[in-house]
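The next block holds one structure in the form of structure tokens; read it before the comments.
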Amino acid sequence: MAVDPLIELRDVNKYFGELHVLHDVSLTVGRGEVVVVIGPSGSGKSTLCRAINRLEPIASGTITLDGRPLPEEGRSLAELRSEVGMVFQSFNLFAHKTVLQNVSLGQVKVRRRTKEEAGRRSRELLDRVGLADQADKYPAQLSGGQQQRVAIARALAMDPKALLFDEPTSALDPEMINEVLEVMRQLARDGMTMVVVTHEMGFARSAANRVLFMADGRIVEDRTPEEFFTDPRSDRAKDFLSKILKH
Ligand SMILES: Nc1ncnc2c1ncn2[C@@H]1O[C@H](COP(=O)(O)OP(=O)(O)OP(=O)(O)O)[C@@H](O)[C@H]1O
Ligand SMILES: [Mg+2]
């Protein structure tokens, strides 16, 4: 079990109308831990991430971040959102702002940094994701892999306690997937707490401390990658693995 819990979910339930999408989900993510979430389409992976970031309200249960319950709304919610960064499949960069401006914006607005401080920090982070020379370009002038690395730099710019990734490489051409995964591996090595929804099993094997397998809104398995990939227990996981490892 995690020694120092950062994200804790207890008996979380979530519905979309009649549809029960998170079913008594309990989960502890320790500080510095990398948890990869996999499972079939519709199993609730994105909803789980969105619930952790309060982009989706939950019906019952509790979610705490660093010992504090998630606020319902208002200013403390905005603060919470800035403490948990999120990176989506679609990069969601501002098209009419430069790379540097994209990474700086939240720092000025939410973190109240001066433009100069924000710019300095942005350049550091762009350097960290290998894009030091792209600061003055616009998103459309970058490849998908580069845009996703800007999105990661932007999330890091808020100094988040944790990062959530929802299929960060699914929209990328194959040759760009690795440059994004490599940045994520480096973050993991640097001790960032990460929850990563991905179909990249190589990443799960090499970077995850734990693999969660979800099906029908439930966490069906919560194992080390080694255990999960060599000896999945549930039929659902066996079936899922046989399908995705075939191609
Ligand atoms: N805004 C919404 N309104 C109604 N139903 C929704 C909404 N968002 C998701 N759902 C439903 O909730 C269930 C879980 O969806 P979710 O997006 O969390 O699955 P997922 O595991 O991320 O799937 P995928 O692998 O396709 O991304 C699905 O049945 C989905 O159709
Ligand atoms: Mg999803």
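Each residue takes its place number in the sequence, starting with 1. As the structure lists them, so they are numbered: ligands from 1, and atoms in each ligand from 1. Heavy-atom basis, side chains included; hydrogens, waters and symmetry copies ignored.
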What protein heavy atom lies closest to [atom]? Include the residue and the distance to one decimal.
atom: atom 23 (O) of ligand 1; answer: Gly42 N, 2.8 Å
atom: atom 3 (N) of ligand 1; answer: Phe16 CD2, 3.4 Å
atom: atom 27 (O) of ligand 1; answer: Glu167 OE2, 3.6 Å

Within the structure, does [X] bring an N/O atom to less than 3.5 angstrom of an N/O atom in ligand 1?
X: Ser41; answer: yes
X: Ser43; answer: yes
X: Val21; answer: no

Any protein heavy atom < 4.0 Å from atom 31 (O) of ligand 1:
no
Heavy-atom protein neighbour under 4.0 angstrom from atom 14 (C) of ligand 1:
yes
Under 4.5 Å between any side-chain heavy atoms of [X] and [Y], yes or no?
X: Leu131; Y: Val99; result: no
X: Val196; Y: Met184; result: yes
X: Thr62; Y: Val12; result: no

Within this structure, what is the OG1-CG distance for the pair Thr193 and Leu6, rounded to the nearest 0.5 Å?
4.5 Å
Enter the distance from Ile38:CD1 to Leu241:CG here, rounded to the nearest 0.5 Å.
5.5 Å
Which residues and atoms, protein N, O or S only, are under 2.8 Å from the Mg ion (ligand 2)?
Ser46 OG
Regarding Ser234 and Glu221, is there a side-chain donor-to-acceptor distance under 3.5 Å anywhere?
yes
Return yes if some donor-acceptor pair links the side-chain N/O of Gln186 with the main-chain N/O of Val183 below 3.5 Å, else return no.
no
Would you say the side-chain atoms of Arg223 pair up with the backbone N or O of Asp231, donor to acceptor, closer than 3.5 Å?
yes
Please identify which atoms of ligand 1 are closer than 4.0 Å to at least one heavy atom of [X].
X: Ser46; value: 17 (O), 18 (O), 20 (P), 22 (O), 27 (O)
X: Thr47; value: 14 (C), 15 (O), 16 (P), 18 (O)
X: Pro40; value: 21 (O)

What are the two closest heavy atoms between Asn92 and Arg154, and how far apart are they?
O-NH1, 3.0 Å
Out of curiosity, does Met201 fall in the hydrophobic cluster containing Val34 (side-chain heavy atoms, cut-off under 4.5 Å, transitive links)?
yes
Could you tell me if Lys14 sits above the aromatic ring of Phe16, with its cationic atom closer than 6.0 Å to the ring centre and no more than 45 degrees from the axis?
yes
How are the rings of Phe240 and Phe213 set relative to one another: parallel (under 30°), tilted (30 to 60°) or perpendicular (over 60°)?
tilted
Given Gln89, His20, Lys45, which one has a non-hydrogen atom that is nearest to atom 25 (O) of ligand 1?
Lys45
For Phe94, the other hydrophobic cluster members (4.5 Å side-chain criterion, sorted by chain and number) are Leu105
Does only the side chain of Arg50 get under 4.0 Å from ligand 1, or the backbone, or both, or neither? Count heavy atoms.
neither
Proximity of Leu19 to ligand 1 by residue part, where a heavy atom lies under 4.0 Å:
side chain
